[in-house]
Protein chains: 2
Amino acid sequence: MKMTTKGRYGLRAMVELARYYEKEEFISLKSISQKQGIPENYLERLLAKLRKASLVETHRGTQGGYRISRSPEEINVYDILFAVGEAIYLVECTNNKSLCHMQDYCPSNVVWSKMAQQIEDVAKKTYLDELI
Amino acid sequence: MKMTTKGRYGLRAMVELARYYEKEEFISLKSISQKQGIPENYLERLLAKLRKASLVETHRGTQGGYRISRSPEEINVYDILFAVGEAIYLVECTNNKSLCHMQDYCPSNVVWSKMAQQIEDVAKKTYLDELI
DNA sequence: CCTATACCCAATTGAATTAGTAGGGAATTA
DNA sequence: TAATTCCCTACTAATTCAATTGGGTATAGG
């Protein structure tokens with residue numbers, strides 16, 4: 001039961017960017033990648049998703065880069081996980097009933113759903129500003 | 001972020017066995033495997049682990065099989081997950097500090113640990129008898 | 001205008017883990 | 001002694017995740 005790099009790298013990148021929120025300057029991919037020890041091209045794709053979700057904004061050319069598009073107080077971990085496509089469920093069939101071989105009631109699912117709900121709650125309650 | 005089959009199959013098997021607790025009869029691997037739609041040989045290995053953790057007991061020969069070794073009220077989901085080797089953590093470095101490239105304090109880890117703790121809590125609070 | 005910077009994007013490969021299979025062995029019952 | 005059923009290890013297949021490659025486009029500054 002493990003979070004993928006999408007979620008891990010995604011959060012780390014956002015924490016990194018959140019640190020520069022006040023300065024309003026753009027941070028280059030290269031810089032984030034080096035500071036956080038994340039492969040450049042791989043991180044790039046995550047940042048692309050974060051951009052599409054309007055969590056970061058970008059600027060090209062010299063002095064360009066990425067910066068957080070809202071105050072860290074307004075971005076929570078759930079937003080980030082959702083943006084990068086890190087799904088919050090422990091078993092497939094919680095989301096997709098057709099995958100379950102049980103007709104009516106699945107006892108196990110009660111547990112997995114409850115766990116997923118807890119994770120989601122933590123994600124939604126934790127804002128970036130608490131992490132910097 | 002997904003639970004592996006170890007945890008999923010393991011719990012399902014235990015729920016199945018818990019249903020027969022009163023009867024005290026042994027249920028064959030084949031029967032569990034068929035009812036739950038889990039590959040026989042694969043399930044066998046999980047049951048072996050559950051046996052080693054003293055959660056189930058076995059008997060060979062005709063009319064042999066597996067049965068739960070304690071009352072369902074005394075077995076929680078955590079016991080099962082632990083027994084089958086389903087680790088409860090979302091990122092490696094929560095358990096193994098040496099894997100983390102941060103020297104002192106890792107902001108992200110705060111989140112992942114909190115989530116893992118929540119999962120553990122649910123697992124420890126949920127007993128088999130609630131699921132049958 | 002031209003060049004360096006730095007984001008943008010798709011396709012492919014590589015690596016690791018998980019899931020499942022095969023097959024021989026040993027205990028128990030009838 | 002034969003049928004049943006657990007016991008155990010090694011191997012293979014499948015899937016998913018992680019990372020790489022490489023070419024494209026916008027912007028700033030000289």
Side-chain angles (χ1 to χ4, degrees), chain A residues 1-13 17 20 25-69 81 84-87 89-92 99, chain B residues 1-13 17 20 25-69 81 84-87 89-92 99:
Chain A
M1 188 168 49
K2 221 164 58 180
M3 173 95 32
T4 71
T5 51
K6 280 189 281 191
R8 295 193 286 123
Y9 292 174
L11 178 57
R12 274 161 61 192
L17 288 175
Y20 294 87
E25 63 194 18
F26 291 95
I27 315 291
S28 74
L29 170 63
K30 198 175 199 173
S31 161
I32 306 172
S33 142
Q34 283 175 347
K35 279 199 189 169
Q36 290 290 331
I38 301 171
E40 208 171 312
N41 291 335
Y42 190 66
L43 178 59
E44 190 174 30
R45 239 177 315 157
L46 298 180
L47 285 167
K49 288 183 181 174
L50 291 166
R51 181 176 56 78
K52 277 168 192 157
S54 303
L55 294 181
V56 303
E57 52 194 26
T58 61
H59 193 67
R60 298 190 188 183
T62 320
Q63 306 298 329
Y66 298 84
R67 77 176 172 202
I68 210 167
S69 62
L81 295 182
V84 296
E86 180 75 69
Y89 60 76
L90 299 184
V91 299
E92 297 275 355
L99 293 173
Chain B
M1 189 170 47
K2 222 162 60 182
M3 173 92 36
T4 71
T5 51
K6 280 189 280 192
R8 296 194 285 122
Y9 292 175
L11 178 56
R12 274 160 63 191
L17 288 175
Y20 294 88
E25 63 193 17
F26 291 95
I27 315 290
S28 75
L29 170 64
K30 197 175 199 175
S31 160
I32 306 173
S33 142
Q34 283 175 346
K35 279 199 188 167
Q36 291 289 331
I38 300 171
E40 208 171 313
N41 289 336
Y42 190 66
L43 178 59
E44 190 174 27
R45 241 177 312 160
L46 298 179
L47 285 167
K49 289 183 179 173
L50 291 166
R51 180 176 57 78
K52 277 166 193 157
S54 303
L55 295 180
V56 303
E57 52 194 26
T58 60
H59 194 68
R60 296 188 189 184
T62 317
Q63 305 299 331
Y66 299 84
R67 77 177 173 203
I68 211 166
S69 62
L81 295 182
V84 296
E86 179 75 70
Y89 58 76
L90 299 184
V91 300
E92 297 276 355
L99 293 171

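Here is the naming used below: chain letters follow the sequence lines, and residue numbers restart at 1 for every chain.
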Worksheet item: What is the nucleic acid contact for B:Tyr66, judged by heavy atoms within less than 4.0 Å: base, sugar-phosphate only, or nothing?
Response: sugar-phosphate

Worksheet entry | Sugar-phosphate, base or nothing in reach of A:Leu46, heavy atoms under 4.0 Å | nothing

Fill in: Nucleotide of D:dC17, D:dC6, D:dA19 approaching A:Thr4 most closely (side-chain heavy atoms)
D:dC17

Discussion item. Let's see if you get this right: which residues in residues 52-64 of chain B place a heavy atom under 4.0 Å from DNA chain D?
Written reply: B:Thr58, B:His59, B:Arg60, B:Gly61, B:Thr62, B:Gln63, B:Gly64

Worksheet item: In whole angstroms, how far is the C1' atom of C:dC9 from the CG atom of A:Leu43?
Response: 15 Å

Worksheet item: B:Thr4: what forms a side-chain hydrogen bond (donor to acceptor under 3.5 Å, both in side chains) with it, not counting sequence neighbours?
Response: B:Glu86

Fill in: Length of the line joining B:Glu40:CD and C:dA19:C1', which is rounded to integer Å
16 Å

Practice prompt. Calculate the interatomic distance between B:Lys6 atom NZ and C:dG20 atom C1'; express it in whole Å.
Written response: 14 Å

Worksheet, complete the sentence: Contacts of A:Glu40 meeting side chain to side chain contact (heavy atoms under 4.5 Å, CB included) (sequence neighbours excluded), chain-then-number -> A:Leu29, A:Lys30, A:Ser33

Practice prompt. Just jot down the ring-ring contact (aromatic ring centres under 6.0 Å, His included) partners of A:Tyr66, sequence neighbours excluded, or say none.
Written response: none

Worksheet item: Just by distance, do the side chain of B:Arg8 and the backbone of A:Val91 share a donor-acceptor pair under 3.5 Å?
Response: no

Response to the item:
Whole-Å distance, B:Ile38 CD1 to C:dT21 P, equals 13 Å

Discussion item. Rounded to whole Å, please give me the gap between OH in A:Tyr42 and P in C:dA10.
Written reply: 16 Å

Discussion item. By nearest atom, which of the nucleotides C:dG20, C:dA19, C:dC7 is closest to the B:Tyr9 side chain?
Written reply: C:dG20

Worksheet, complete the sentence: B:Phe26 CZ to D:dC7 P, in whole Å, measures 10 Å

Worksheet item: Starting at CZ of A:Arg51 and ending at C1' of C:dC9, how long is that distance when rounded to a whole Å?
Response: 10 Å

Extract all donor-acceptor atom pairs below 3.5 Å that involve side chains of residues 44-63 of chain A and protein atoms in other chains or at least two apart in sequence.
unit_1, atom_1, unit_2, atom_2, d
A:Lys49, NZ, A:Val84, O, 3.4
A:Glu57, OE2, A:Arg67, NE, 2.8
A:Glu57, OE2, A:Arg67, NH2, 3.0

Enumerate the protein-to-nucleotides 22-24 of chain C contacts in which both atoms are nitrogen or oxygen and the separation is below 3.5 Å.
unit_1, atom_1, unit_2, atom_2, d
C:dA22, N7, B:Asn41, ND2, 3.0

Practice prompt. Starting at atom CZ of A:Arg67, determine the distance to atom C1' of C:dC7, rounded to an integer number of angstrom.
Written response: 15 Å

